[in-house]
Amino acid sequence: MEITCTRCHQPVEAETCFCPSCGLPQLVYSSEGAAEPGQLERAGQPPREAGSVNWKTAMRAALMLAVPAGILSSAYSPLSLLNLFWIVGAAIWAVAIYLRGQQPSWITVAAGIRIGLVTGLMAAWLAFGASAAGLFAARYFLHQSTQIDAAWKTQVETTQQMSQQMTEWMDSADAAQTQAMQKQMESWWLSPEGHAGLQTFSFALS
């Protein structure tokens, strides 16, 4: 004989102590109509609530996927243009791996979002750290500071040329003021503080 779960309304066999779909404990009755003692104890520990997260298992799955996603998303990876794909894919995959070992084998949307968000943040910070470590190694260990500064100066000069073209469209009075601000901005960009700040900001965006 089957009964219906009061939570998910799925059919449950009369001898089953827990709903196989959502894990809700079920009352088990004998043929005389009295609840059979000891049935719940023989079933073992009650299953996890679908809205809760076993973070020990979740963090293992998150870390296992966040590390490769972070490396692939770093600025020095040839596949870094797909960084959003790697991070989102790692978050979804981490939730799927977490579900495999859970009973019941489903979780609420809020629990899944929490696991995915933690995985995505871990991957993003690993990508940021890998990019910063690669830049540090290239500048101080591989002695590529000249090439890095030259490439940065080229980017600043390109930006300056674009700004000058926009300045030509303005009135002469406004243009003079804009040029002064432009020179101040250029000097800040070429300073070590400006280079480090903008590079950090670009790593964070990537």
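Source: prediction; values computed, not measured.
Interatomic distance, CD of Gln144 versus CG of Asp149, reported as 11.5 Å (0.5 Å rounding). In this structure, the separation between CD on Gln147 and CZ on Arg139 is 10.5 Å, given to the nearest 0.5 Å. Within the model, atoms CD1 of Ile71 and OG of Ser80 stand 13.5 Å from one another, a figure rounded to the nearest 0.5 Å. Taking OG of Ser74 as the start and CG of Leu135 as the end, the distance is 12.0 Å to the nearest 0.5 Å.
A search for side-chain contact (heavy atoms from CB on, under 4.5 Å) contacts involving Arg60 returns Lys56, Thr57, not counting sequence neighbours. Partners of Leu117 according to the side-chain contact (heavy atoms from CB on, under 4.5 Å) rule, which considers only residues two or more places apart in sequence or in another chain, are Leu121. Considering only residues two or more places apart in sequence or on other chains, Ala137 meets the side-chain contact (heavy atoms from CB on, under 4.5 Å) condition with Phe141. Under the rule for a side-chain contact (heavy atoms from CB on, under 4.5 Å), the partners of Ala58 that lie at least two apart in sequence or sit in another chain are Val53, Trp55, Tyr98, Ile115.
The two residues Ala69 and Ala123 come nearest to each other via the heavy atoms CB-CB, 4.0 Å. Here the shortest heavy-atom pairing between Met122 and Ala66 reads CB-CB, 3.7 Å. Here the closest heavy-atom approach between residue Gly112 and residue Val95 is recorded as O-CG2, 3.5 Å. The two residues Ile87 and Ser73 come nearest to each other via the heavy atoms CG1-OG, 3.8 Å.
Taking a 4.5 Å side-chain heavy-atom cut-off between Ile, Leu, Val, Met, Phe, Trp and Tyr, the cluster of Trp86 extends to Leu72, Leu79, Leu82, Phe85. Membership of the apolar cluster around Leu65 extends to Met64, Trp93, Ile97, as traced through chained side-chain contacts below 4.5 Å between ILVMFWY residues.
Between Phe136 and Tyr140, the ring planes lie tilted relative to each other; the angle falls in the 30° to 60° range.
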